[in-house]
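Only one structure is covered here, and it is reproduced in the block below.
All heavy atoms count here, side chains included; hydrogens, waters and symmetry mates do not. Every value quoted in this text rests on a predicted model; they were computed, and no experiment measured them.
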Amino acid sequence: MGDTAIMKMTMAEPVNAAGPTSDGIPSAAHATPLPAPRRATGWDRAETGAEPVGPEGKGQSAAARPGRADGEADGSADASTVAPHDPCAHGFLPERPPVRSLIGTWTRLDAMARAAAIAPDRAAAVALVERAHRADELAALRQRVSRLSLRNAEAAAMRIAVIAVSCGWCGLDPQAPAAREVADEAFLDLWAAIAHRIDHDQFVALPTLALHNWAPERKPRRHIPIDQLARTEALVPIVRWAPEGQPLSRLDRLMLAATRLEAHGIWLFRLAETLAGRSPDDSSTPTALRRLVRVQHALRAQLLAEAAELSAAPATPQQRAVLGALAGQGALEPPVLQAADAVLGIGARRMREGRRQLLRRHLPAQHRAWLSAMDRHCAPVRTLAHRGGPDAAVYREAQESLIALRRTYTALVQAAARPTAAPLTKAA
């Protein structure tokens with residue numbers, strides 16, 4: 001499903017986004033157009049140390065430059081200097097394309113993650129970590145964590161996540177004493193330090209493994225918003241779960257499909273902001289819900305289009321073990337589906353609230369906060385579930401389309417995890 005097709009489907013019936021209230025959540029009282037996505041701030045220069053170039057071609061100020069991946073400061077790295085997250089700009093994708101290559105001392109972490117991803121089994125991946133421990137490489141990296149910029153810390157976190165799931169450690173709390181009886185102590189120290197740096201303890205999950213592990217196959221010639229970049233460019237994984245020179249594995253394709261799902265789901269985030277605070281009797285509410293249905297149908301069609309290639313891709317027992325471990329931790333739910341659930345409340349019917357928060361624990365704090373705000377501010381719209389009439393019918397259609405989308409995604413995960421899998425059909 002192309003970018004232009006989805007835009008036509010979602011823009012067929014214009015709905016103005018509500019203006020912000022004092023807490024930043026749109027209100028039905030002030031109708032304003034949906035915000036346009038922010039422009040990208042520059043292509044990835046982390047591996048070269050070059051100064052980023054803004055959209056107009058001018059060098060950015062030193063305060064805006066990212067820190068270097070080798071640990072040397074190259075600008076402000078404090079989380080407090082980062083602008084508040086705006087899902088209307090790019091969903092839950094990172095602010096800029098992920099860092100493709102770490103440099104300096106951190107190249108060792110890069111190499112370790114790539115080797116762990118293609119390890120034949122967990123024992124081989126654990127052996128890689130233990131060798132790095134004996135060579136004091138993990139301790140050297142631990143000492144440099146505080147000097148990473150936030151963006152490069154997120155890049156390091158993705159490599160840590162790859163290693164952790166490859167070793168079978170994804171369910172561990174790196175700071176728990178019991179974890180040291182299972183996993184390598186030096187690796188746990190590095191893991192905990194990275195988690196503290198990005199202020200996110202439960203980052204070993206799909207959002208880290210997918211949304212921070214992709215790059216455009218070719219360098220774009222112009223600066224475009226991150227969600228458009230991920231939609232319109234051919235994507236390749238930064239850390240491959242298949243050896244170089246061989247076709248992408250099912251796990252690679254699943255992670256890239258999750259990234260494209262997030263990028264195409266940008267209109268779902270904007271519709272969520274539109275519906276926040278709306279009265280169920282507002283004349284624009286059913287229009288927004290109809291657009292939400294079309295977005296979810298388009299996302300489902302996109303997943304179905306990915307299914308044939310994924311089912312035909314190679315897979316290994318190790319990769320299936322990775323998927324099984326993530327699924328066991330509830331760490332495979334795409335953020336865009338959690339956003340739709342926050343609006344429509346499907347999860348509240350299927351699971352207790354505690355279980356819902358358990359699924360969200362793998363998202364960064366600002367993303368969890370946004371979802372909680374949607375829970376609260378879309379509550380009036382969810383009262384349509386207990387009503388009759390055409391508006392209630394539209395709401396129930398939106399819920400049903402989300403259920404179908406979730407089932408299609410689940411089928412895609414199951415196809416990636418099976419030794420042999422038949423292509424997914426529209427009946428899934």
Side-chain angles (χ1 to χ4, degrees), residues 46-47 66-74 77 79 98-205 207-209 212-213 237-241 243 318 321-322 325-326 329 331 362:
E47 59 264 47
R68 288 170 46 181
D70 59 1
E72 294 299 325
D74 190 30
V99 175
R100 291 183 292 179
S101 299
L102 299 178
I103 62 174
T105 308
W106 292 95
T107 57
R108 181 54 193 152
L109 183 65
D110 224 346
M112 196 186 316
R114 295 173 196 275
I118 60 174
D121 51 41
R122 289 178 175 177
V126 171
L128 288 169
V129 175
E130 291 175 344
R131 283 198 296 271
H133 182 178
R134 290 193 295 270
D136 291 330
E137 294 170 343
L138 298 177
L141 293 174
R142 167 66 184 86
Q143 295 171 1
R144 289 165 171 79
V145 168
S146 62
R147 291 183 286 175
L148 283 173
S149 70
L150 184 59
R151 181 163 176 255
N152 280 301
E154 290 174 343
M158 184 271 287
R159 275 81 172 171
I160 292 289
V162 169
I163 297 169
V165 297
S166 298
C167 294
W169 298 336
C170 64
L172 297 180
D173 176 354
Q175 301 188 67
R180 299 181 182 276
E181 300 175 6
V182 178
D184 183 89
E185 184 174 353
F187 180 76
L188 290 173
D189 289 340
L190 176 59
W191 180 351
I194 291 289
H196 178 74
R197 179 68 189 87
I198 64 175
D199 192 25
H200 186 195
D201 292 332
Q202 303 285 339
F203 66 81
V204 182
T208 301
L209 287 165
H212 295 274
N213 189 22
I238 295 172
V239 176
R240 289 170 51 107
W241 294 89
Q318 168 71 340
V322 165
L326 290 172
Q329 296 297 318
H362 302 295

**Request:** Check whether any side-chain heavy atom of Leu138 lies under 4.5 Å from a side-chain heavy atom of Arg142, and answer yes or no.
**Result:** no
**Complete:** Smallest heavy-atom separation, Arg180 atom then Pro174 atom, equals NH2-O, 4.3 Å
**N/O donor-acceptor pair under 3.5 Å between Glu130 side chain and Asp184 backbone** = no
**Message:** If you compare all heavy atoms of Ala164 against all heavy atoms of Val204, which two are closest, and at what distance to 0.1 Å?
**Reply:** CB-CG1, 4.2 Å
**Message:** What I want to find out is whether Arg100 reaches Asp110 closely enough, with some N-O distance under 4.0 Å, to be called a salt bridge.
**Reply:** no
**Asked** Do the side chain of His200 and the main chain of His362 share a donor and acceptor less than 3.5 angstrom apart?
**Response** yes
**Over 12 foreign heavy atoms within 6.0 Å of CG, Asp199** = no
**Side chain Asp121, main chain Ala124, donor-acceptor under 3.5 Å** = yes
**Complete:** Across all chains, not counting sequence neighbours, the side chain to side chain contact (heavy atoms under 4.5 Å, CB included) partners of Ala127 are Arg131
**Prompt:** How close do Ala156 and Leu102 get, heavy atom to heavy atom, and via which atoms?
**Reply:** CA-CD1, 4.5 Å
**Request:** Applying side-chain contact (heavy atoms from CB on, under 4.5 Å), run through Asp173 and Trp191 and close with a yes or a no.
**Result:** CA-CA 9 Å; Asp173 176 354; Trp191 180 351; over 6 Å; no
**Prompt:** Given side chains that start at C-beta, do those of Val129 and Trp169 come closer than 4.5 Å, heavy atoms only?
**Reply:** yes
**Message:** Strictly distance-based, threshold 3.5 Å: is any side-chain N or O of Ser166 a donor or acceptor partner for the main-chain N or O of Ala116?
**Reply:** yes
**Message:** Distance check, rounded to the nearest 0.5 Å: Glu154 atom CD versus Ile194 atom CD1?
**Reply:** 10.5 Å
**Prompt:** How many angstroms lie between OG1 in Thr105 and CZ in Arg144, if you round to the nearest 0.5 Å?
**Reply:** 4.0 Å
**Message:** Which residues pass the side chain to side chain donor-acceptor pair (under 3.5 Å) test with Arg108, not counting sequence neighbours?
**Reply:** Glu137
**Asked** Minimum heavy-atom separation for Ala113 to Ile163, with atom names?
**Response** CA-CG1, 3.8 Å
